[in-house]
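Please read the structure below before turning to the comments.
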Amino acid sequence: MPHREPILLNINDNEANRYAVSRILRASGFQVAEGGTGAEALQLAAELRPDLIILDVKLPDINGIEVCRRLKSDPHTSNIVVMHLSANYIRTENKVEGLESGADGYLTQPVDTAELLATVRSLLRLRRAEEDARRAAVQWKTTFDSLGDGVCLLDGQGRVMRANRSFVSLFGGSEQAVLGRSFAALLREAAGGEEALPASCGEALDCREEATVCLGSRWYRVAANPVEGDGGGVAGAVRILTDITPHRQLQEELRRRAAELAEADRRKDEFLAMLAHELRNPLAAIVNSLHLAEATQPQGAESRAMRVLTRQSQHMARMVDDLLDVSRFNRGHIELRRALVDLRQVVQHGVEARRQSLLDKGLHLELTLPPEALWLEGDATRLEQVVSNLLDNARKYTPVGGHVFVGVTVEPRGPERQVVLRVKDTGIGMSSELQARVFELFVQGEQQLDRSRGGLGIGLTLVRRLVELHGGHVRAFSEGEGKGSELVVTLPLTAQAVASTPAEARIAPPEAGAARRVLLVEDNEDTREVLRELLEMWGHEVAVAEDGFRGVERFPALRPHVALVDLGLPGMDGFQVARKIRESEGGQDVYLVALTGYSGEHRSRAVEAGFDLHVVKPVKPDELERLLNQLPARKPRA
């Protein structure tokens, strides 16, 4: 802020002396007003507010010392610089008396011109510095009080020396209630008498940590900073209290919503699992009934309607499997049954299983495989599921007459090798946004209102998760909408080559087994009756039970070779049935086969309960027939 030119007031009853001093000052560029009495000095000081008054001590009405006292006692004129100038009162005690009255300087006449001007300039500089300091203090105080945060300065004993308006209003509303009080005590009172306070809220002045405290109904973050003294030690501290109640409320709301979302997600997973389980029971009855009807029809008498029912029931079974797999992935219940697998054979089986559905839509299928076996550690069933889902995706989004290419190559990866499976189509393609999200759950390409492409948007999610479980990764590529898509799966190969199929990978061909005594424990009437008819058609002796209690009750009289037990029985579940049977006479000789709509998550519990095998609904009739035929006539003793 620019300074104005200083105004000087020269008060002297001696006209000659007054003239001489005023002339010297004016010659040096100062503005000078004059007066000859004490009353004029007081009047002109109130009107002009000069920067400096040169005041003679001896005046005809009020002496200069009294005038100085009055000027300094009036808040409107107290900041005016007063310099006594006297030709009569020149002793030391006179100077002391003048200075004690509030004067800022004292000169005696005759005075040297240079000394007069130097003293005037010095006193003016002092006044200007005081004004600057006063103005800065006002600005600092204004800024300090305008802060929304509560700020205080503590002394070496942790007492509040200064505090802004926000801090004062937080602790009592008046400076008298705050200044000089212990900061820790103030907090303790406001917090309701809590004894244990964080270091930044207590007596530790050298603390730099932040803390959170509750004062009344609001939450504050307390920031702490020590103030160093001249010797380098801690002379005090600054404490800043920031109201974080809205932020904390938002955090609480976000936590609450996150908990609600987690609970909703958990219930969704449970619902999907339950839905898949409940769908499996009627689906099992439909699939088995179709198989029974097909088996009892004359050769070549299969109708178009039967073919449609068979094809659509298989499609429903795949969707139910996908639903259940998603639920199991989300709950961490997916377990791979690892073995040494020839990926070349897996891909070939997967393509052959989906070939007809591709041809039925009018698509051209091309398959390229390397001549050698491609061994890796994995779950053959799950890897075939990857291939099937990729082909289903290509079929869904490729129009009639399009091409689907499946290729497998081996590529180096440093000292190791990796196998790359590519499924490429000439379908509708993907935008860049869709490519980034295509493997997320329930994300699909654009669907028409009639949802002619169908699907749930979970097939590629399962592909990604299954591939990652095998230590690989999958990527999606497309040049844009209408330009087809390519899905690339990369999997690590085993370090050693295998000359032949391992023993555990060989599947024994179905054998015509002897008739078995079979106990079927199933609560769903349709499923139970259809399975009974199928078992009897295959030549087995069958007894049925509609719940666990009757199954356990009928076991001793029947002494079956095989017991097919549904796990989800009312009253006594399948696990309890298995334990009861194993504890009964002859219970160690029977083959116990668990039937479940929940799939893999019950496998370990089934083994613990005493089951030998675990079969997922809907049970494929040919697989069930092969299973019964392959079981030895007697179960070997452990």
Side-chain angles (χ1 to χ4, degrees), residues 1 3 72-80 102 126-253:
M1 180 177 179
H3 295 280
K72 294 298 183 178
S73 63
D74 186 344
H76 296 95
T77 58
S78 61
N79 63 334
I80 298 175
L126 177 62
R127 182 179 188 275
R128 187 177 297 116
E130 289 177 348
E131 284 184 345
D132 290 343
R134 189 179 300 110
R135 189 180 299 110
V138 170
Q139 292 175 346
W140 177 86
K141 179 66 174 173
T142 302
T143 303
F144 191 48
D145 284 335
S146 68
L147 295 175
D149 295 344
V151 184
C152 69
L153 177 65
L154 308 183
D155 63 13
Q157 284 71 49
R159 296 171 302 200
V160 179
M161 295 172 55
R162 294 180 184 174
N164 69 346
R165 188 178 294 116
S166 296
F167 186 92
V168 171
S169 63
L170 186 60
F171 296 97
S174 68
E175 289 190 347
Q176 291 76 12
V178 171
L179 298 182
R181 293 284 308 281
S182 164
F183 175 76
L186 287 171
L187 271 189
R188 203 171 288 114
E189 291 175 9
E194 294 183 14
E195 294 184 2
L197 288 174
S200 61
C201 305
E203 311 291 348
L205 298 180
D206 58 347
C207 176
R208 295 181 180 273
E209 297 178 358
E210 291 187 353
T212 302
V213 295
C214 181
L215 305 180
S217 61
R218 304 193 71 79
W219 286 89
Y220 293 85
R221 181 176 62 246
V222 182
N225 288 286
V227 175
E228 293 186 1
D230 295 336
V234 177
V238 174
R239 296 289 187 265
I240 304 174
L241 282 76
T242 305
D243 190 340
I244 59 170
T245 304
H247 177 69
R248 192 176 181 92
Q249 289 172 342
L250 178 60
Q251 284 185 322
E252 291 295 330
E253 178 66 15

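Count residues from 1 along the sequence.
- Pairs passing the side chain to side chain donor-acceptor pair (under 3.5 Å) check and including a residue from residues 140-149, sequence neighbours excluded, read Asp149-Thr242.
- Residues satisfying the side chain to side chain donor-acceptor pair (under 3.5 Å) criterion with Asp74, sequence neighbours excluded, are His76.
- In this structure, the separation between CZ on Phe144 and OG on Ser166 is 9.5 Å, given to the nearest 0.5 Å.
- Applying the salt bridge (Lys or Arg N to Asp or Glu O under 4.0 Å) rule to pairs touching residues 212-223 yields Glu210-Arg221, Arg218-Asp243, sequence neighbours excluded.
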Given side-chain contact (heavy atoms from CB on, under 4.5 Å), test Leu241 with Leu215 step by step and report yes or no.
CA-CA 11 Å; Leu241 282 76; Leu215 305 180; 4.0 Å; yes
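- Rounding to the nearest 0.5 angstrom, the gap separating the CG atom in Leu153 from the CZ atom in Arg159 is 12.5 Å.
- The environment of Arg248 atom CZ is dense: over 12 non-hydrogen atoms of other residues, nucleotides or ligands sit within 6.0 angstrom.
- Remark: Leu154 CG to Arg162 CZ distance equals 12.5 Å, nearest 0.5 Å.
- The main-chain N or O of Val151 is found under 3.5 Å from a side-chain atom of Asn164 such that the two form a donor-acceptor pair.
- Distance CG/Leu187 to CZ/Arg239: 9.0 Å, rounded to 0.5 Å.
- Counting heavy atoms of neighbouring residues, nucleotides and ligands inside a 6.0 Å radius, atom CZ of Arg165 does not exceed 12 of them.
- Between atom NE2 of residue His247 and atom CD of residue Glu252 there is a gap of 10.5 Å, rounded to the nearest 0.5 Å.
- Take Val234 and apply the side chain to side chain contact (heavy atoms under 4.5 Å, CB included) test, not counting sequence neighbours, and it matches Leu205, Asp206, Pro226.
- In this structure, the separation between NZ on Lys72 and CG on Asn79 is 7.5 Å, given to the nearest 0.5 Å.
- A donor-acceptor pair under 3.5 Å is formed between the side chain of Thr245 and the backbone N or O of Trp219.
- With sequence neighbours left out, the side chain to side chain contact (heavy atoms under 4.5 Å, CB included) criterion links Asn225 to Arg208.
- Contacts of Val178 classified as side chain to side chain contact (heavy atoms under 4.5 Å, CB included), with partners at least two apart in sequence or in another chain: Val160, Ala163, Phe167, Phe171, Leu186.
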